Undergrad: 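Submitted below is the structure of interest, expressed as structure tokens.
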Amino acid sequence: MAGSQVHYECDAHTRVESLPAPIGRVVHDPVDSHTYLREKLRAISVPAGVDTSE
């Protein structure tokens, strides 16, 4: 379909595991998707009112 967007969803607390070799090069402990994504979002977010123009 031209112009359609594809998105993937999972339950809020899906357990995500590393892919086995040869796709996954490092085996990481399984993570809760909600916790993992919330931590990554927090790490890249800039709090309101912070001047980033420097």
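Start at 1 with the first residue, then count along the sequence. All values reported here derive from a predicted model rather than from experimental measurement.
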Undergrad: Any heavy-atom pair between the side chains of Glu39 and Thr35 that's under 4.5 Å?
TA: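 Yes - at least one pair of side-chain heavy atoms lies under 4.5 Å apart.
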
Undergrad: State which residues pass side-chain hydrogen bond (donor to acceptor under 3.5 Å, both in side chains) with Asp51; sequence neighbours excluded, sorted by chain then number.
TA: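 With neighbours one apart ignored, the set is Ser53.
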
Undergrad: I'd like to know if the side chain of Ser33 reaches the main chain of Thr14, judged simply by a donor and an acceptor atom lying under 3.5 Å from each other, with no hydrogens or angles considered.
TA: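 Confirmed, Ser33 side chain pairs with Thr14 backbone.
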
Undergrad: Tell me every residue that passes side-chain contact (heavy atoms from CB on, under 4.5 Å) with Pro47, counting only those two or more places apart in sequence or in another chain.
TA: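 Listed in chain order: Val50.
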
Undergrad: With sequence neighbours left out, write down each residue that passes side-chain contact (heavy atoms from CB on, under 4.5 Å) with Leu41, or none if nothing qualifies.
TA: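 Applying side-chain contact (heavy atoms from CB on, under 4.5 Å) to Leu41 gives Arg38, Ser45.
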
Undergrad: Going by the ring-ring contact (aromatic ring centres under 6.0 Å, His included) test, which pairs reach into residues 30-54, not counting sequence neighbours?
TA: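 Checked against ring-ring contact (aromatic ring centres under 6.0 Å, His included) - neighbours excluded - the pairs reaching residues 30-54 are His13-His34.
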
Undergrad: With sequence neighbours left out, write down each residue that passes salt bridge (charged side-chain N to carboxylate O under 4.0 Å, His left out) with Arg42, or none if nothing qualifies.
TA: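 In terms of salt bridge (charged side-chain N to carboxylate O under 4.0 Å, His left out), with neighbours along the sequence ignored, Arg42 is linked to no residue.
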
Undergrad: How many angstroms lie between atom CZ of Arg15 and atom CG of Asp29, to the nearest 0.5 angstrom?
TA: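 Here the rounded value is 9.5 Å.
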
